[in-house]
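In what follows, a structure is listed as structure tokens, so that the remarks can point back to it.
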Amino acid sequence: MLRLLSFLLFLATWWIAALLIGDVKLPAPPAVLTVMLREAASGALFINLGATLARVALSFTLAMALGAAIGYLMGRVKLADRIGDPWLILLLNLPALVVIVLAYIWAGLTEVAAITAIAVNKLPTAVVTLREGTRALDRSLDEMATVFAIPRGRAFRHVILPQLGPYIAAAARSGLSLVWKIVLVAEYLGRPNGVGFEIGVAFQLFDIPLLLAYSLTFAAIVLVIETVLVQPFEFRVSRWRPRAA
Amino acid sequence: MQLEVDITGKHFESAAGERHDVLAAIKFSLHAGEVGVFVGPSGCGKSTMLKILAGLDHDYQGRISRPAAARLGMVFQEPRLLPWRSVEDNIRLAAPHIEEKRLSELFAILELTEHRSHFPGELSLGLARRVALARAFAIEPDFLILDEPLASLDDALAAHLREQIATLVESRAMMTLLVTHNLDDAVCLGDRLFLLSARPARILQEVPIPTPRTGRSAAEISHIKADLVRRRLAKI
């Protein structure tokens, strides 16, 4: 209910602003809706959204899997931490644009280049979060698992993984929001489809209704995925923890 | 089955680079069906010794021979349960092959039956300790280590739990090591007492109790306790 109210407030603000600023720079909601419906009817909206979502899914999975593995290793093995740390600092502070441009130069304007570039941008935050999580592991439970000769695989699943759960959820949450932002830049710069590409086209044609139509649909999809997938997952993995009042 | 311990020393270096000796000479052996009790002042290195005996710390001088096939069960000073698993799952994780009948029996002896599906966060310390005991006994150990299993419980509860431990220890012939600074625990549960010195710990005296554990009268227990207090004072 409150959410609906908040959404209506957003629409009203937009409409009033459109009336004040004028249709050329900020079209009113119905104009954008018309473009949205037109793009949907032609199928272009779905193809572009699908392309973007596929890129997000691939690069997110790649970065999470690799980042979690590297982070766990760096948290456990001191040597790995010392070797990896300078790389990590470099990657953390490297602007996304640099990575994307270099990837396109070295690997060509290809899908592989785009997905790799997005994954490389997200990777270091996942590594850092999981490294912290691994460092915070309870040693006394490790000892318990050793004493009771619980096999490694079982110990990892039942003793280690539940402790890492909240960190994995945090990395997924912050990583996903990063990927949402970067994927459009990568598409804008070097892909022939996707939301980012369409926004680039709209920018060149100064077609503001088209620009808003794509941006808002994209934002809506992000909102849905966050509420339907990410938040329940976060809740699930930290369910046994005492909750803040 | 027999445990042979001959530790000649253990030290570690602090962050400042100073050398700290934790253990001096500790030599004893323990047979199956026997309960050895270590009594010593707090901070004397008992927990360090247990870590070495449990195979968690390999950095010491001397040697320990423990039968390779001996299954180890341990009750740590803190219960060390997985907060994200229920009481039953905590036990089944350590003892995956336990039969339902045996598990129910253990729960009955330790009065945990109604807490089976509870999570450790919902238990009092006394209950969590009992779960840790149930876990150690569930694996049917050949070698059992109890690290102050009754510390920080009130007297009545400690006495009650002491009886439960006695029942369980009696039910199986294993090598049992109990560490405590409570003389009641030591005298009620032990066959042989080892009195430890202050840090670095060494064995000051070995005190056998000839009467079998189950046949000790209250008068005898208080007599042995008085004797222990006298011995301890004589050493200081």
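Just so it is clear: chains get the letters A, B, ... in the order the sequence lines come, proteins before strands, and each one is counted from 1.
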Assess whether atom CZ of A:Phe156 is packed by more than 12 heavy atoms of other residues, nucleotides or ligands within 6.0 Å. yes

Compare every heavy atom of B:Arg80 with every heavy atom of A:Glu143, then report the nearest pair and how far apart it is. OE1-NH1, 2.8 Å

Taking every heavy atom of B:Met74 against every heavy atom of A:Val147, the minimum-distance pair comes out as CB-CG1, 3.5 Å

Is it the side chain or the backbone of B:Ile145 that comes within 4.5 Å of chain A heavy atoms, both, or neither? neither

Check the surroundings of atom CZ in A:Arg154: do more than 12 heavy atoms from other residues, nucleotides or ligands lie under 6.0 Å from it? yes

What are the two closest non-hydrogen atoms of A:His158 and B:Leu82, and how far apart are they? O-CD1, 3.6 Å

Less than 4.5 Å apart, side chain to side chain, heavy atoms only: is that true for A:Met144 and B:Arg135? yes

Is atom CD of B:Glu99 surrounded by more than 12 heavy atoms (other residues, nucleotides or ligands) closer than 6.0 Å? no

Measure across B:Leu93 and A:Val159 and return the closest heavy-atom pair with its distance rounded to 0.1 Å. CD2-CG2, 4.2 Å

Distance-minimising heavy-atom pair for A:Phe148 and B:Leu72: CD2-O, 4.3 Å

